Amino acid sequence: MEFKLTAARNRNLSVAIVILLIISILSLALCHRLYSDNRALTESLVNNKQTIVLPMGANKEFAFNGERGDARYIRLMALSLLNLRLNVSNETAAESHALLQAYACDGQKEKMEPALNAERRLLKANDGSSAFYPADFKVWADKGIVEVVGKLQFIYGLQKPEPVDKRYQVRIDTRNDGMCFNAFVEVPVEK
């Protein structure tokens with residue numbers, strides 16, 4: 001009888017040891033998995049070189065890797081710059097153009113000054129305003145170029161001439177940890 005109790009106790013002890021051994025192996029495997037995942041996540045967070053920005057006119061931040069950003073961000077920035085240049089009135093032209101020039105890269109301010117002055121003089125002489133209605137966008141994110149096609153509507157006093165088809169190209173760069181444009185040109189429209 002005592003032999004049977006000893007055998008049962010030894011059997012229960014061996015089953016308990018096997019169960020504990022299995023639990024230990026599973027625990028070690030789980031710990032290794034958690035360590036590997038944690039190391040991978042920590043490495044991706046430490047080496048994350050994303051730029052997060054909130055462009056003018058956007059409701060949501062954009063995060064991107066690299067120098068210029070993704071197509072959505074570049075498109076929104078170009079649209080904001082177009083609004084500063086083209087959606088102006090006699091009263092707001094000077095302030096909008098000054099803000100636009102604040103986004104210009106080095107050397108671009110001097111190139112744009114004559115064109116902006118001519119636009120302001122035209123609006124002031126005729127007490128006018130202008131509005132640009134974009135119709136189509138083409139974005140080359142790798143080059144930072146946005147081409148916008150649309151209609152530019154001028155309003156002079158009570159006169160409202162027909163809208164003019166316009167095409168603009170804006171090249172956006174990042175320099176000194178800031179966004180700027182280094183080209184803002186009107187491209188002739190093919191008819």
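Everything quoted here is computed from the prediction, not taken from an experiment.
Leu30 and Ile22 fall into different hydrophobic clusters, where Ile, Leu, Val, Met, Phe, Trp and Tyr side chains are chained together by heavy-atom contacts under 4.5 Å. Leu152 and Leu123 fall into different hydrophobic clusters, where Ile, Leu, Val, Met, Phe, Trp and Tyr are joined by side-chain heavy atoms under 4.5 Å apart, directly or via other members. Under the 4.5 Å side-chain heavy-atom criterion for ILVMFWY residues, no single connected hydrophobic cluster contains both Leu122 and Ile155. Criterion: ILVMFWY side-chain heavy atoms under 4.5 Å apart, direct or through other members. Under it, Val146 and Val187 are not part of a common hydrophobic cluster. Hydrophobic clustering keeps Leu116 apart from Val164 (ILVMFWY residues linked when any side-chain heavy atoms are closer than 4.5 Å, directly or through intermediates).
Here CD of Gln101 is found 10.0 Å from CZ of Arg85. Values are rounded to the nearest 0.5 Å. To the nearest 0.5 Å, atoms CG (Leu28) and CD1 (Ile23) are separated by 12.0 Å. Distance check, rounded to the nearest 0.5 Å: CD of Glu186 to CG of Leu86 gives 8.5 Å. With values rounded to the nearest 0.5 angstrom, Phe181 atom CZ is found 10.0 Å from Leu82 atom CG. Atom CZ of Phe154 is separated from atom CD of Glu119 by 7.5 Å, given to the nearest 0.5 angstrom. With values rounded to the nearest 0.5 angstrom, Asp173 atom CG is found 13.0 Å from Lys143 atom NZ.
Side-chain contact between Val148 and Val170 is absent, with no heavy atoms from C-beta onward closer than 4.5 Å. Glu147 is listed as a side-chain neighbour of Trp140, based on a closest heavy-atom distance under 4.5 Å. Side-chain contact check for Pro134 versus Leu79: some heavy-atom pair is nearer than 4.5 Å.
Contact record, Ile74 with Gly144: CD1-CA, 4.1 Å, taken as the closest heavy-atom pair. For Gln153 against Pro163, the heavy-atom pair with the smallest separation is OE1-CG, 3.1 Å. Nearest approach of Ala104 to Lys109, heavy atoms of both residues: CB-CG, 3.7 Å. Taking both residues in full, the closest heavy atoms of Val149 and Phe132 are given as C-CZ, 4.2 Å, listed atom of the first, atom of the second, then distance.
A salt bridge does not link Glu162 with Lys151: every distance from a Lys NZ or Arg NE/NH1/NH2 to an Asp or Glu carboxylate oxygen is 4.0 Å or more.
With hydrogens and angles left out, the side-chain atoms of Arg9 and Asn12 include no donor and acceptor closer than 3.5 Å.
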side-chain contact (heavy atoms from CB on, under 4.5 Å) between Ile172 and Tyr103, worked out: CA-CA 10 Å; Ile172 297 175; Tyr103 283 99; over 6 Å; no

Mind running side-chain contact (heavy atoms from CB on, under 4.5 Å) on Arg121 and Asn117 for me, showing each step along the way? CA-CA 6 Å; Arg121 275 195 305 272; Asn117 284 337; 3.7 Å; yes

For side-chain contact (heavy atoms from CB on, under 4.5 Å), just list the numbers for Asp127 and Glu91, CA-CA rounded to whole Å, side-chain angles, deciding distance to a tenth of an Å, and then say yes or no. CA-CA 9 Å; Asp127 193 32; Glu91 294 84 22; 4.2 Å; yes

Does the side-chain contact (heavy atoms from CB on, under 4.5 Å) test come out yes or no for His97 and Met112, once each step is laid out? CA-CA 10 Å; His97 289 173; Met112 286 204 59; over 6 Å; no

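Although no hydrogens or angles enter the test, the distance criterion places no donor-acceptor pair under 3.5 Å between the side chain of Thr92 and the main chain of Val88. Checking side-chain atoms of Glu113 against main-chain N and O of Gln108 turns up no donor-acceptor pair under 3.5 Å.
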